[in-house]
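Report on one structure; see the data block that follows.
A note on names: the letters A, B, ... follow the listed sequences, proteins ahead of strands, and every chain is numbered from 1.
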There are 2 protein chains.
Amino acid sequence: MDEQGPEGRGQRPRARGLHDRVLESLGPAITAGDYPPGTVLRTDELERRYDVSRTVVREAVRVLESMHLVESRRRVGVTVRPTEEWDVFDPQVIRWRLAGPDRPRQLRSLTALRSAIEPAAAGLAAEHATPEQCAELTGHALNMVATSRGQQLPAYLVHDVAFHRVVLRASGNEMFARLGDVVAEVLTGRTQHRVMFSDPDPEAVTLHVRVAEAVRAGDAEAAERYTKEITLGALRELDILAP
Amino acid sequence: MDEQGPEGRGQRPRARGLHDRVLESLGPAITAGDYPPGTVLRTDELERRYDVSRTVVREAVRVLESMHLVESRRRVGVTVRPTEEWDVFDPQVIRWRLAGPDRPRQLRSLTALRSAIEPAAAGLAAEHATPEQCAELTGHALNMVATSRGQQLPAYLVHDVAFHRVVLRASGNEMFARLGDVVAEVLTGRTQHRVMFSDPDPEAVTLHVRVAEAVRAGDAEAAERYTKEITLGALRELDILAP
DNA sequence: GTGACTTAAAAGTCATACTTATTTGATGGA
DNA sequence: TCCATCAAATAAGTATGACTTTTAAGTCAC
């Protein structure tokens with residue numbers, strides 16, 4: 001049956017090697033803007049800074065280069081590339097930027113992305129979801145209802161995230177499915193700002209139930225419409241928080 | 001193995017070094033399924049296969065690992081990861097898969113993605129586009145009209161691609177903007193299949209003009225609706241080609 | 001000032017020696 | 001027989017020094 005969780009990662013702080021340590025230091029620094037575009041890093045300087053060998057630095061740089069964060073040129077050095085060229089869809093880059101000062105802007109971009117993707121995914125899910133997925137969906141929706149009142153936000157969040165993950169996966173589109181982690185991040189981040197303030201919007205809870213029903217009924221149009229309302233709510237929330 | 005496969009793609013990814021050569025050989029091979037998930041590659045074997053040093057192989061592997069195509073573990077080797085874990089949004093992975101046997105499926109995924117993103121982007125563009133961008137948009141739309149008849153498909157395609165690029169950029173969302181390359185790839189790939197058959201659908205051409213008008217008028221709802229029709233046409237086309 | 005030539009800086013490559021984690025399996029005791 | 005423990009084998013990870021290649025930049029002749 002169910003093997004180990006397919007994406008059983010919370011965070012993985014385990015540095016799997018020296019190159020990862022360097023990467024996990026340089027990546028956040030660059031995406032945070034500590035090294036503005038145009039900045040030139042020299043390999044041997046990095047060696048000294050991190051007290052590691054060329055091998056290690058080179059591997060880290062190579063990865064940063066594959067994310068289009070930097071460009072390595074002979075006789076020049078490792079140059080930080082302009083922001084517009086970064087691979088902003090790379091999960092690692094997203095993670096780094098969410099952890100940095102760009103977090104608010106990043107959350108906006110991602111929420112806009114959600115608003116575009118999730119309704120479409122819900123529509124597809126209504127056509128492709130398996131009975132098991134429909135059951136999961138209904139289960140999470142009901143649990144959301146159950147935990148929507150009385151300081152149970154953490155539990156609510158778990159089901160909220162799971163709900164959206166299932167929708168994306170049930171869409172049958174591998175690219176949509178891969179956005180599950182991103183959506184999870186957005187939902188978590190969003191809630192962190194109001195965790196002590198209020199229970200979830202009751203209307204949003206109802207909408208989740210409606211989506212689950214629509215998917216189970218195979219009503220793509222309704223599933224899409226209700227999901228659109230959910231994501232519109234998320235967008236509105238952002239405008240309220242920082243207009 | 002083949003060193004310079006006949007993948008004469010438009011933009012030659014000029015091997016900037018040995019590690020790139022290895023990467024540009026391993027990447028396509030893995031995404032094509034030549035090494036199914038679970039396959040174990042050993043570093044020293046790759047060294048011999050490509051006749052390069054350890055350094056070079058390791059750098060290539062590190063990049064593949066950052067794309068979640070493989071996982072490198074001590075005492076085990078470099079293992080190809082399950083397809084569901086690949087970073088399917090990585091431009092390089094997209095390129096590799098488009099060049100391989102998965103191309104049709106990949107085009108479907110990407111077209112679904114387009115259908116979700118572009119209408120939203122057009123709506124945002126109506127609110128954020130600069131006068132210059134509006135002018136560009138109108139210009140490309142008019143040029144599409146002008147080249148829509150009489151075996152001018154290559155020229156038509158240029159403006160079609162440019163049009164969609166501008167819309168995505170004008171949305172003001174960096175993530176949408178980065179999908180310009182992907183959309184370009186889809187549009188180009190789509191046309192290759194019918195290049196000798198027919199002129200573009202006149203209705204689609206009209207819709208582009210309408211989108212340009214709506215964006216210029218700041219009518220987000222109309223821009224979104226007309227763009228949705230364009231992408232729906234693209235989806236329908238796929239169903240016709242391979243139902 | 002233009003163009004060709006030289007220089008030097010920094011990344012790229014290679015070979016080798018060494019370290020570390022992890023699987024495997026063999027040993028030995030309950 | 002079974003389980004725990006420990007040892008050996010293995011493949012990736014790291015360090016280092018010598019060497020090559022690219023190329024920005026400076027220099028010289030015209």
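Residue A:Arg54 contributes atom CZ, which lies 12 Å from atom P of C:dG12 at whole-angstrom precision. For the pair A:Glu71 CD and C:dA10 C1', the interatomic distance rounds to 14 Å; values are reported in whole Å. In this structure, A:Glu45 places its CD atom 16 Å from P of C:dA9, rounding to the nearest Å. Across the protein-nucleic acid pair, B:Arg42 atom CZ and D:dG13 atom C1' stand 17 Å apart, rounded to whole Å. Atom CZ of B:Arg16 and atom P of C:dT13 are 10 Å apart (whole Å). C:dA10 atom P lies 12 Å from atom CD of A:Glu47, rounded to whole Å. Regarding A:Leu64, its CG atom lies at a distance of 16 Å from the C1' atom of C:dA11, rounded to whole Å. One atom, CG of A:Asp20, and another, C1' of D:dT14, lie 14 Å apart when rounded to the nearest Å.
Between A:Val56 and A:Tyr50, the closest side-chain pair of non-hydrogen atoms is not below 4.5 Å.
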For a side-chain hydrogen bond (donor to acceptor under 3.5 Å, both in side chains) check, start with the C-alpha distance between B:Asn173 and B:His128, then their side-chain angles and the critical distance, and finish with the verdict.
CA-CA 10 Å; B:Asn173 183 313; B:His128 297 125; over 6 Å; no
Using the rule given for side-chain hydrogen bond (donor to acceptor under 3.5 Å, both in side chains), can you reason through B:His68 versus B:Asp90, listing the C-alpha separation, both sets of side-chain angles and the distance that settles it, and then say yes or no?
CA-CA 10 Å; B:His68 294 97; B:Asp90 188 298; over 6 Å; no
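A residue-by-residue look at A:Arg74 and A:Asp51 shows that A:Asp51 has its nearest nucleotide of DNA chain D further toward the 5' end. Of the two residues contacting DNA chain D, namely A:Arg73 and A:Val52, the nearest-nucleotide position lying further toward the 5' end is that of A:Val52.
B:Ser109 OG to A:Met175 CE: the interatomic distance, rounded to the nearest 0.5 Å, is 6.5 Å.
For C:dG12, the base has no donor-acceptor partner in the side chain of A:Arg75 [N/O atoms by modelled type, under 3.5 angstrom].
Using a 4.0 Å cut-off, some side-chain N or O of A:Arg58 falls inside it from OP1 or OP2 of C:dG12. OP1 or OP2 of C:dG12 lies within a sub-4.0 Å distance of a side-chain N or O belonging to A:Arg62. For the OP1/OP2 pair of D:dA12 and a distance below 4.0 Å, the side-chain nitrogens and oxygens of B:Ser72 include no atom meeting the criterion.
A:His140 and A:His164 share no side-chain donor-acceptor pair at under 3.5 Å.
Using a 4.0 Å heavy-atom criterion, one finds that A:Thr55 contacts the bases of the nucleic acid, with or without backbone contacts as well. Residue contacts shown for A:Leu46 are absent, as no nucleic acid heavy atom lies under 4.0 Å away.
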